[in-house]
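In what follows, a single structure is set out as structure tokens and then discussed.
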Amino acid sequence: MTRERITIPARSAVAVDLEPEQRIRIVNTEGGQVVDTWVFRRDDPREYLSMEHSRGATNRIWFEPGDRLVSNRFTPIVTFEADTSPGRHDTLYAACSPGSYRFYGYAEDHPSCEQNLRSVLHQRGVELDVVPAPWNLFERAAIAEGGVLIDAPSLARPGDYVELRAKLAVVVVCSACPSTVGGISGEAPRGAGIELL
Ligand SMILES: [Zn+2]
């Protein structure tokens, strides 16, 4: 069966609508690429997939297939259905942003996941006061002794995917992270893909 694949060009984001119980695959088309992912309730974007609430709901810092992930109001918003990648999708880092690039000594106008998110939501008439922490799919961050956070290049292989199932009517935003800080996506940012099931 051939399935339509929506391309997420390198350094940019795509937004898609999901109905309740609809599934999405976020595909690491070229391998090694971090994809910052957000899920917002479509009828009220002030409710969204929350990393801190989902860590509490699952008692994990790295979610696993079978986990029920929740919103900032502790409502189940997506379930984590499947993962063909080596996993450990980071839940701790904020999205890269004009401020983060300035902080790390890059140009402030560097493309960023935060600006990508704001721009695709702006096209839908949604303006965010606060940018939630993304789910950093395919980002490999580890916790070392003493609580030290370590970034390492993504181990995702070409074609690896994460599959989610919406529990509400939502908009999912995926940003192919433009960052080269910490080498999280290897030497050069690449694109990714989305399949709706
Ligand atoms: Zn980013």
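Just so you know, ligand 1 is whichever comes first in the structure, and atom 1 is the first atom listed for that ligand. As the structure is a prediction and not an experimental result, all values here were calculated from the model.
- Counting only residues at least two apart or on different chains, no ring-ring contact (aromatic ring centres under 6.0 Å, His included) pair has a member in residues 113-134.
- The ring pair (Phe, Tyr, Trp, His ring centres under 6.0 Å) search around Phe80 returns Trp135, not counting sequence neighbours.
- When the ring pair (Phe, Tyr, Trp, His ring centres under 6.0 Å) test is applied to Phe74, the partners found at least two apart in sequence or on another chain are His53.
- Ion pair Asp44/Arg41 not flagged as a salt bridge, since none of the NZ, NE, NH1 or NH2 atoms sits closer than 4.0 Å to an Asp/Glu carboxylate oxygen.
- Within the protein, the number of N, O or S atoms lying under 2.8 Å from the Zn ion (ligand 1) is 3.
- Pro189 is not listed as a side-chain neighbour of Cys177, based on a closest heavy-atom distance of 4.5 Å or more.
- Note that CG of Asp90 is 8.0 Å distant from CD1 of Ile143, once rounded to the nearest 0.5 Å.
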